[in-house]
Amino acid sequence: PQAVTDHLGLGLDAESPALSIGFKLSESMEITDTEIQLTRLKVRRISYAQADQRLQEEPFATLLRRSRQYRQRRRDAGAAFIQLPEVKIRVKHAQVEIHPLPPLESREMITDLMLMAGEAVARYCLERDIPVPFATQAPPDEPVQPEGMAAMYAYRRQFKPSQVKTQPSPHSGLGLEVYTRATSPLRRYSDLLTHQQLRAHLQGEPVLDIHALAERLSLAEMGSMGIRKTERLSNNHWRLIFLRDHPDWRGEAVVVAREGERAMVMITELGMDTKVRVKNAPELNQVIRLKPREIDLPDLACYFRVL
């Protein structure tokens, strides 16, 4: 609810209630000595772009160095690093805006810091027999480190689905032996469950047993599946509205797969993949130009012509 977000979102009030997670990193980037406390914080928000301009300053410089070292540890453990185009879609004053997300190093740094926190919480809970939802993922059949957009696109299709379980298991995509999501309790229910378990533990109250946890997770997962599908369809809808409202749109696409007379392409500025008919077999990762030929809103389909 908006009122809850306004009150609990970090930095939206003068003081913010928080669950603070502290830990040490060994020379090999292993997490040790985790401490978790209920706290109140004074937070000043800055954007990723602003943070990117301050990465040479402290404390950002130290955080960046540690995050890079931790990322290398995950890479050595087989983590997959997929960098496909991402966009932010917004509707303002009846106008659709699509903004590509730039690959900022500050964004990668925050991702690794959040993964550190999730690994620290997972290990903390295992050591104290606190049931929490663990995020897991089985490894692909042929693990590789893909290079180039086409290889990354193909490798992503090999991914086994990630799962949330009450028992710990490795997350191959992240390169972590144990992991729980703990950094987005206002956005994701499994994170909220983890926070509730930790808060109960820290306050000396009973925590949910593993059966009650599993029941809540199964109910939440049914809703999450519908939400993910709705989000995907909604994004496709607004992309097509954007193209309908910009009939002169022309854009670049990268060939990521070939299927006979058709090619699967990634339209970078729209964060959209689609099939197009091609006369000459293009090379993988080749850049081609497209324009919309027909937009079918009821079927959420757009047919493009290669220029």
Side-chain angles (χ1 to χ4, degrees), residues 29 47-55 60 63-90 97-119 135-162 170-176 179 181 183-184 187-188 228 231-232 235-236 239 251-258 263-276 282-290:
M29 289 294 105
S47 68
Y48 282 112
Q50 290 171 323
D52 225 57
Q53 299 299 314
R54 299 174 58 183
L55 292 179
F60 300 103
L63 292 174
L64 178 61
R65 184 177 70 256
R66 289 298 192 178
S67 71
R68 286 172 172 171
Q69 293 169 334
Y70 184 76
R71 194 178 313 149
Q72 185 60 49
R73 184 201 117 187
R74 295 193 300 108
R75 189 186 301 274
D76 294 341
F81 292 88
I82 306 296
Q83 294 179 322
L84 295 176
E86 294 184 77
V87 298
K88 179 179 289 187
I89 301 175
R90 291 288 184 269
E97 298 179 358
I98 301 180
H99 300 289
L101 294 179
L104 298 175
E105 192 158 25
S106 59
R107 195 182 299 275
E108 293 185 11
M109 177 183 76
I110 292 298
T111 295
D112 275 295
L113 295 176
M114 291 193 296
L115 293 177
M116 287 182 200
E119 183 185 1
T136 70
Q137 186 182 46
D141 295 331
E142 298 180 9
V144 296
Q145 286 294 347
E147 295 184 7
M149 193 177 296
M152 291 182 183
Y153 181 85
Y155 195 52
R156 186 181 66 174
R157 298 181 68 179
Q158 295 182 33
F159 279 6
K160 308 289 177 64
S162 59
H171 194 298
S172 68
L174 299 177
L176 296 176
Y179 175 67
R181 299 185 178 108
T183 54
S184 300
R187 184 170 60 86
R188 203 163 39 207
R228 288 193 293 269
E231 182 180 21
R232 185 174 67 254
N235 285 337
N236 286 341
R239 286 188 183 99
E252 293 186 343
V254 179
V255 177
V256 293
R258 293 172 302 202
M264 179 66 73
V265 299
M266 178 69 70
I267 305 175
T268 52
E269 66 182 88
L270 300 179
M272 176 183 184
D273 56 355
T274 187
K275 289 183 180 180
V276 296
E283 297 293 327
L284 291 179
N285 295 314
Q286 180 178 332
V287 177
I288 60 177
R289 287 187 59 79
L290 305 175

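Nothing here was measured: the structure is a model prediction, and the numbers come from that model.
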Mind checking whether [X] and [Y] have side chains closer than 4.5 Å, heavy atoms only?
{"X": "Met109", "Y": "Leu63", "value": "yes"}
{"X": "Ile82", "Y": "Phe159", "value": "yes"}
{"X": "Arg65", "Y": "Gln69", "value": "yes"}
{"X": "Gln83", "Y": "Met149", "value": "no"}
{"X": "Asp273", "Y": "Val256", "value": "no"}
{"X": "Glu283", "Y": "Val255", "value": "no"}

Please indicate whether [X] has more than 12 foreign heavy atoms, meaning atoms of other residues, nucleotides or ligands, lying under 6.0 Å from its [atom1].
{"X": "Glu147", "atom1": "CD", "answer": "no"}
{"X": "Glu86", "atom1": "CD", "answer": "no"}
{"X": "Lys160", "atom1": "NZ", "answer": "yes"}
{"X": "Glu142", "atom1": "CD", "answer": "no"}

What is the minimum heavy-atom distance between [X] and [Y], and which atoms define it?
{"X": "Tyr70", "Y": "Leu115", "value": "OH-O, 3.6 Å"}
{"X": "Ser162", "Y": "His171", "value": "CB-NE2, 4.2 Å"}
{"X": "Ala117", "Y": "Thr183", "value": "CB-CG2, 4.0 Å"}
{"X": "Gly173", "Y": "Gln137", "value": "N-OE1, 2.9 Å"}
{"X": "Ser172", "Y": "Ala138", "value": "OG-O, 3.0 Å"}

For the side chain of [X] and the backbone of [Y], is there at least one donor-acceptor N/O pair under 3.5 Å apart?
{"X": "Ser67", "Y": "Leu113", "result": "no"}
{"X": "Tyr153", "Y": "Ala257", "result": "no"}
{"X": "Asn285", "Y": "Val254", "result": "no"}
{"X": "Gln158", "Y": "Pro140", "result": "no"}

To the nearest 0.5 Å, what is the distance between [atom1] on [X] and [atom2] on [Y]?
{"X": "Arg239", "Y": "Thr274", "atom1": "CZ", "atom2": "OG1", "answer": "10.5 Å"}
{"X": "Glu252", "Y": "Leu290", "atom1": "CD", "atom2": "CG", "answer": "9.5 Å"}
{"X": "Thr136", "Y": "Leu176", "atom1": "OG1", "atom2": "CG", "answer": "12.0 Å"}
{"X": "Ile110", "Y": "Leu104", "atom1": "CD1", "atom2": "CG", "answer": "11.5 Å"}
{"X": "Met152", "Y": "Gln145", "atom1": "CE", "atom2": "CD", "answer": "9.0 Å"}
{"X": "Lys88", "Y": "Leu101", "atom1": "NZ", "atom2": "CG", "answer": "6.5 Å"}

- [ ] Take Glu231 and Asn235, measure what side chain to side chain donor-acceptor pair (under 3.5 Å) needs, and give me the verdict at the end.
- [x] CA-CA 6 Å; Glu231 182 180 21; Asn235 285 337; 4.5 Å; no

Open item on the list: One pair to check against salt bridge (charged side-chain N to carboxylate O under 4.0 Å, His left out): Arg73 and Glu119. What are the steps and the verdict?
Closed with: CA-CA 13 Å; Arg73 184 201 117 187; Glu119 183 185 1; 3.0 Å; yes

TODO: For a salt bridge (Lys or Arg N to Asp or Glu O under 4.0 Å) with Asp112, tell me which candidate from Arg68, Arg74, Arg75, Arg107 qualifies.
DONE: Arg74

Task: Lys/Arg cation over aromatic Phe60: Arg54, 6.0 Å, 45° cone - done: no

